[in-house]
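Here's the structure we're looking at; comments come further down.
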Amino acid sequence: MKKLNILLFAISASLTSVFASVAMAHEYSVGDIEIGHPWSRPTPPGTPMGVGYLVIKNHSDKTVTLVGATTPKAEHVSIHETVMVDGVMRMQSVKGGLAISAGGVVELKPLSYHLMLEKLAEPIKEGESIPLTLEFEGAEAVNVELSVQSLDADTKEVEMDHSGHGMEH
Ligand SMILES: [Cu+2]
């Protein structure tokens with residue numbers, strides 16, 4: 001009998017973690033565009049910029065381009081990409097928008113493409129949800145919520161920071 005209890009406990013524990021990860025991985029879908037797990041990071045007080053990460057899936061048979069985004073939390077949102085230039089990590093804006101090919105997937109993630117939330121009204125806090133509207137060329141706009149989570153594993157990117165390119169906007 002004891003053995004059975006332990007087994008049941010193990011099963012329910014693993015079910016709990018499955019449900020937890022499903023709850024974390026929120027998704028949004030409008031027409032042929034699917035947005036997976038939009039998230040952001042908390043910002044220290046005084047930091048005027050935050051980030052936005054998400055996965056864009058294009059289920060249509062034509063290219064769709066992410067051309068911009070808006071949020072009440074920031075004055076301006078730009079699309080950036082992190083690149084290596086002469087061994088130095090830098091960020092640059094993605095000119096002409098971010099194209100997602102027919103049937104394709106583009107991931108906005110640390111050290112890659114990302115959204116830059118510029119001129120934040122107030123610091124972004126862990127646990128909050130940030131409403132964000134994604135604007136596309138070739139598809140309807142999609143409203144999502146960035147869930148703010150801190151990832152200790154990624155402190156490198158936080159250190160690299162967005163301080164170098166703040167003033168030109
Ligand atoms: Cu950036």
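Numbering of ligands and ligand atoms starts at 1, following listing order. Note that these values count all heavy atoms, side chains included, but never hydrogens, waters or copies made by symmetry.
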(message) Distance alone, cut at 3.5 Å: any donor-acceptor contact between the side chains of Glu81 and Ser112?
(response) no
(request) Could you check if a side-chain atom of Thr82 sits within less than 4.5 angstrom of a side-chain atom of His114, using non-hydrogen atoms only? (result) yes
(request) Any pair with a residue in residues 53-74 that passes salt bridge (Lys or Arg N to Asp or Glu O under 4.0 Å), sequence neighbours left out, goes on the list, sorted by first then second residue, please. (result) Glu34-Lys57, Lys73-Glu122, Lys73-Glu128
(message) Under 2.8 Å from the Cu ion (ligand 1), can any N, O or S atom of Met116 be found?
(response) yes
(request) Answer yes or no for Met91: is there an N/O/S atom below the 2.8 Å cut-off from the Cu ion (ligand 1)? (result) yes
(message) Through direct or indirect side-chain contacts below 4.5 angstrom among Ile, Leu, Val, Met, Phe, Trp and Tyr, which residues connect to Val85?
(response) Val83
(request) Compute the angle centred on the Cu ion (ligand 1) spanning ND1 of His80 and NE2 of His114, and express it rounded to 10 degrees. (result) 110°
